Structures are given as C-alpha cells and as structure tokens.
Amino acid sequence: MKRVRGVLVALLMLIVVACAGEDTAQDPAAAKKVELGQEFTWNGFTVADGWKLGSEKTTIAMEEAVQPVITGEVTNEDAEPRFAVFEFVFVADGQAQATIHCTSESPEKLDTDESGPLSCPGLGQVMPQGYDSIQVGEVTR
C-alpha cells in the first residue's frame with residue numbers, strides 16, 4: 001500500500017511540474033503599454049502605425065478650451081463582429097494626466113479583418129504633456 005501511495009504521489013508531482021511549465025494565456029483585455037504612433041494590438045484589435053495625438057479647440061460653457069484628440073485606424077482581428085471600445089491613459093510620474101476614450105467610428109460593428117477610423121475625442125481632458133508612458137486598456141469609467 002505504501003508503494004502504491006508513493007507512486008501516486010510521484011505521478012501527482014509530475015503532473016504539477018508539467019502544468020507549472022505550461023504557458024498560461026494572458027488576458028487580452030489587460031492594460032498594455034504602447035508607444036505614440038506605433039502599431040499595437042489590444043484585445044483582438046490592431047491600431048495601425050501612424051496613429052496621432054493632436055488637439056482641437058472647443059467651446060465649453062462659453063469658454064474656449066483645447067482638448068486632446070487621437071486619430072488613427074483600427075482593425076478587428078477577432079472572429080466575431082464588434083465595436084472597438086478602449087481608452088488611452090497618458091501617465092506622468094505614476095499619475096494619469098489624461099484619459100481618452102476611443103471607439104470605432106463606424107455605426108456598425110467591424111467584421112473580422114475590417115478596418116475603420118477611430119473616434120477619440122478627449123472631452124474634458126487636458127492636453128497631455130511630459131508623460132512617461134501611454135497605456136491602453138478597458139474603459140474604466
């Protein structure tokens with residue numbers, strides 16, 4: 001009986017070691033650091049090289065303000081038609097400077113391998129300057 005138990009324990013240890021060596025799939029919706037203007041893929045969407053952070057003047061409560069705006073093109077790499085919905089967070093010294101929500105501009109879901117422009121107005125956000133990093137992730141608020 002002790003011998004059978006010993007064999008079972010050894011087999012269990014081999015299974016545990018084998019499973020620990022397997023790569024676990026990363027969460028595709030986890031926040032990801034990106035570089036301004038460089039192509040990236042997040043959660044099954046690819047934003048093409050050349051995306052830009054710009055600014056536009058708006059009037060809010062009778063006052064003129066400059067707000068950030070991101071332009072670019074997004075492609076749905078997923079097997080299901082869907083809208084792109086995510087946010088860019090510009091970070092300086094560990095603090096968020098600006099959070100810009102993005103969606104695919106199309107009134108209909110993007111089919112697999114279909115591309116379209118991004119709609120990313122930085123409504124109510126300050127123009128980020130001197131940021132250390134840019135993160136892309138799920139819309140948090």
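All values derive from a computational prediction rather than experimental measurement.
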Should Gln38 and Asp49 count as side-chain neighbours, where that means a heavy-atom distance under 4.5 Å?
yes
Which class fits the ring pair Phe40 and Trp51: parallel under 30°, tilted 30 to 60°, perpendicular over 60°?
perpendicular
Donor-acceptor pair, distance only, cut-off 3.5 Å: does the side chain of Lys32 make one with the backbone of Thr41?
yes
Pairwise distance CD(Glu87) to SG(Cys120) - rounded to 0.5 angstrom
11.0 Å
Determine whether Leu118 and Phe90 fall in the same hydrophobic cluster, where Ile, Leu, Val, Met, Phe, Trp and Tyr are linked whenever their side-chain heavy atoms lie under 4.5 Å apart.
yes
Answer whether the closest heavy-atom distance between the side chains of Phe45 and Arg82 falls below 4.5 Å.
yes
Heavy-atom nearest pair, Ser55 first then Val66, reads CB-CG1, 3.6 Å
Co-membership, hydrophobic cluster, residues Met127 and Ile100, 4.5 Å side-chain:
yes
Minimal non-hydrogen separation, Gln125 against Thr99, with atom names
OE1-N, 2.8 Å
Run the numbers on Asp113 and Glu77 for side chain to side chain contact (heavy atoms under 4.5 Å, CB included), then give the verdict.
CA-CA 5 Å; Asp113 296 326; Glu77 306 287 345; 3.7 Å; yes
Any sub-3.5 Å donor-acceptor pair from Thr59's side-chain atoms to Glu64's backbone N or O?
no
Interatomic spacing from NZ in Lys57 to CD in Gln67 - rounded to 0.5 Å:
13.0 Å
Between CD on residue Glu114 and OG on residue Ser104, distance to nearest 0.5 Å
9.0 Å
Nearest 0.5 Å please: distance from the CG atom of Asp93 over to the OH atom of Tyr131.
14.5 Å
Heavy-atom nearest pair, Pro128 first then Leu53, reads CG-CD2, 3.8 Å
Side-chain contact test, heavy atoms from C-beta onward, threshold under 4.5 Å: evaluate it for Leu36 versus Phe88 and give yes or no.
no
Distance col, row Asp78:CG vs Asp111:CG, nearest 0.5 angstrom, shows 11.5 Å
Measuring from atom CG of Leu110 to atom CD of Glu105, what distance do you get when rounded to the nearest 0.5 angstrom?
11.0 Å
Just so I know, are the side chains of Ser119 and Cys102 near enough to count as touching, which here means a heavy-atom distance under 4.5 Å?
no
Are Val139 and Val136 linked, directly or through other ILVMFWY residues, by side chains that come within less than 4.5 angstrom of each other?
no
Flag for Glu39-Thr46: side-chain donor and acceptor within less than 3.5 Å
no
Could you check whether any side-chain N or O of Trp42 sits under 3.5 Å from a backbone N or O of Glu138, counting only pairs where one atom can act as donor and the other as acceptor?
no
Does one hydrophobic cluster hold both Phe86 and Ile134, with members joined at side-chain heavy-atom distances below 4.5 Å?
yes
Grab the two heavy atoms, one from Gln129 and one from Gln97, that are nearest each other, plus how far apart they are.
O-NE2, 2.6 Å
